[in-house]
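Take a look at the structure set out below.
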Amino acid sequence: MTDIPAPAPPRSDTGGAISDFGIDTTTQSTGEAVRGYVGRLRGGDLGSLPAVLGLTALVLVFWALSDSFLTLDNTANLVAQGAGKMIIAMGLVFVLLLGEIDLSAGTASGVCAAVMAMHYVRSGNLLGGMGSTVFSVFVGGLVVAAVLALLMRIWAGAALSLVAVAIAMSGAAPNPWVEMLLALCVGTAIGVITGFLVSKIGMPSFVVTLALFITWQGVILQFIGQGGVFGIGTQPVLFSVANGNLSVAGSWVLFAVGAGGYAAVVLGEHFTRLGRGLVTAPTPIVLAKVVAVAVLAALATFALTLNRSPNDFVVIQGVPYVVPIVLVLLVVGTYVLNRTRYGRHIYAVGGNAEAARRAGINVSKIRASVFVVCSSVAALGAIVYSSKVGSVDPQAGGLNTLLFAVGAAVIGGTSLFGGRGKVFHAVVGGLVLAVVENGLGLLKQPAAVVNIVTGLVLLLAATVDALSRRRAAVAH
């Protein structure tokens, strides 16, 4: 009787690909992981690498040209100055992942800022601040948004819209936490209206949001008045959002929670996959990543806990409040996109909407919901940038706010064509734009030069995105 030879073990080609279906239970060596990463880069999957390299180059250039650039005071201010647009960019990532665009995100955030500031300066009396006719339209719009959210089964949108109605109708006394909640709720209601027009009516997002961009500009002007300003700098909590700092002890607690949490999640997932025999990155690479994050975070925390005040009689130290705000949004956004069914549905719809529909995904609801997320996060950005300047004027959320926010997401690595992007890309891209604006400002360059350089950086990022997608298409 002839023995039947045992099947040959799976073999890998030069790119590390496995020749059978055992790839999910095959370990990788460090060399194979590195070759696989290089192969992905050659195939057009660049991620945020161009933005990180560009950010590094910009920092080195401005460090060489200006003695003030890498001072502790300027570094802390740089983060605070760019945080508002960076946060708006985080919300825009959700819209861009579907290949859509929200041109109204900037002015929508301005509406949220105007309502928040009006509630404070008018002692909670929005009726007196707006006038009876405008107030009735405002409350009616919130009610309509709640009804539309119920029709689309976006329950959070309905709930927050009704909360805004309750705050507006109650005439609650001024309170910074109530005012920030009101801004968030108004942003959510705006997102519901935008999402309904795009997903249910079927209007192109470019047309809808361009029209709303102009509309919200008019609303801001109506609320504040030509040449008017709502000052919020005298409210300690609202002013401290972008201008305050954690204590030294609080800064190190933030480091411990942030670095420790990152290590626990990354290492926990890594060793869990190893224990189950699933493919994962080599342990040395994972450990190196965790150590690098911890070291960089420790150095940044140490630097920010030093006294950075140029005045000998004033002490300014501690991590700015905007840092944990951005980190929390980054963690939550990353978790939603990577670890939830909702996030997987966003990527599926962005990759191929028809295939997603045939797989049973409610494409219409997903398309509407990303605009709700975008406008809600834009409201948070409005709170931050209004806090930074201590006031809200008719230009709130206008000018270059939207362009810089979209630019931050695209420069960081989010594709304009949908299906590819991360919240982290908005953070990296936001830092790039903040460094450009801050560095050129220190060099006393006029606004014209700042706009030209920023536009060229965005054009370069869009070119890289288009070329990488073309290369990826050829590779497949």
Side-chain angles (χ1 to χ4, degrees), residues 40 43-51 88-105 152 154 191 194-210 333-334 336-378 402-403 405-430 458-476:
R40 290 194 298 274
D45 186 8
L46 301 179
S48 59
L49 180 62
I88 296 175
M90 290 182 178
L92 280 165
V93 167
F94 285 76
V95 174
L96 294 175
L97 282 172
L98 297 192
E100 304 283 358
I101 189 66
D102 188 351
L103 299 176
S104 67
M152 295 185 292
I154 302 177
T194 307
F196 179 82
L197 293 174
V198 173
S199 67
K200 293 297 185 181
I201 304 300
M203 299 171 64
S205 60
F206 180 88
V207 176
V208 171
T209 57
L210 178 60
T334 301
V336 168
L337 288 178
N338 294 349
R339 303 299 183 112
T340 66
R341 183 174 64 176
Y342 173 66
R344 291 191 293 272
H345 287 179
I346 290 177
Y347 281 113
V349 174
N352 190 320
E354 179 59 24
R357 184 189 65 78
R358 296 191 178 195
I361 297 175
N362 188 337
V363 174
S364 176
K365 182 178 179 180
I366 293 295
R367 181 168 283 119
S369 68
V370 295
F371 287 96
V372 176
V373 172
C374 179
S375 293
S376 300
V377 176
L402 171 72
L403 301 180
V406 174
V410 175
I411 289 170
T414 300
S415 176
L416 285 168
F417 302 97
R420 189 175 67 195
K422 300 177 181 178
V423 177
F424 176 70
H425 293 163
V427 176
V428 177
L458 177 56
L459 181 62
L460 178 62
T463 303
V464 170
D465 177 33
L467 293 178
S468 64
R469 288 184 68 88
R470 181 183 300 178
R471 190 173 183 85
V474 172
H476 289 82

- Message: Pair Leu97, Leu337 - check side chain to side chain contact (heavy atoms under 4.5 Å, CB included), show working.
- Response: CA-CA 10 Å; Leu97 282 172; Leu337 288 178; 3.9 Å; yes

- Taking it one step at a time, do Thr334 and Lys422 satisfy side chain to side chain contact (heavy atoms under 4.5 Å, CB included)? CA-CA 7 Å; Thr334 301; Lys422 300 177 181 178; over 6 Å; no

- Task: For Ser205 and Phe371, run side chain to side chain contact (heavy atoms under 4.5 Å, CB included): C-alpha distance rounded to whole Å, both residues' side-chain angles, the deciding distance at 0.1 Å, then the answer.
- Result: CA-CA 10 Å; Ser205 60; Phe371 287 96; 3.8 Å; yes

- Item | side chain to side chain contact (heavy atoms under 4.5 Å, CB included) between Ser364 and Lys200, intermediate numbers included | CA-CA 7 Å; Ser364 176; Lys200 293 297 185 181; 3.5 Å; yes

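Here the CZ atom belonging to Arg367 is positioned 10.5 Å from the CG atom belonging to Asn362, to the nearest 0.5 angstrom. Taken from CG in Leu459 to CD1 in Ile411, the straight-line distance is 10.5 Å, to the nearest 0.5 Å. Separating the CD1 atom in Ile101 from the CG atom in Leu416 is a distance of 6.5 Å, to the nearest 0.5 Å.
Between the side chain of Tyr342 and the backbone N or O of Ile366 there is no donor-acceptor pair closer than 3.5 Å.
Residue-environment remark: CZ (Phe206) stays at or below the threshold of 12 foreign heavy atoms within 6.0 Å.
Here the shortest heavy-atom pairing between Ala405 and Ala89 reads O-CB, 3.2 Å. Here the closest heavy-atom approach between residue Ala105 and residue Cys374 is recorded as CB-SG, 4.1 Å. Nearest heavy atoms, Tyr347 versus Gly419: CD2-O, 3.8 Å. Scanning both residues, Thr414 and Gly421, for their nearest heavy atoms gives OG1-CA, 3.8 Å. Counting all heavy atoms, side chain and backbone alike, Ile346 lies closest to Leu98 at O-CD2, 3.4 Å. The heavy-atom pair separating His425 from Ala409 by the smallest distance is CB-O, 4.2 Å.
Considering only residues two or more places apart in sequence or on other chains, Ser376 meets the side chain to side chain contact (heavy atoms under 4.5 Å, CB included) condition with Leu184, Thr188, Val372. Residues passing the side chain to side chain donor-acceptor pair (under 3.5 Å) test with Ser104 are Asp102, sequence neighbours excluded.
Taking 4.5 Å as the limit, some side-chain heavy atom of Phe94 sits within range of a side-chain heavy atom of Val336.
Screening residues 337-349 for salt bridge (charged side-chain N to carboxylate O under 4.0 Å, His left out) gives Glu269-Arg339 as the qualifying pairs, with residues at least two apart or on separate chains.
Checking each of Ile88, Leu103, Leu92 against Val406 for a side-chain contact (heavy atoms from CB on, under 4.5 Å) leaves exactly one that passes, namely Leu92.
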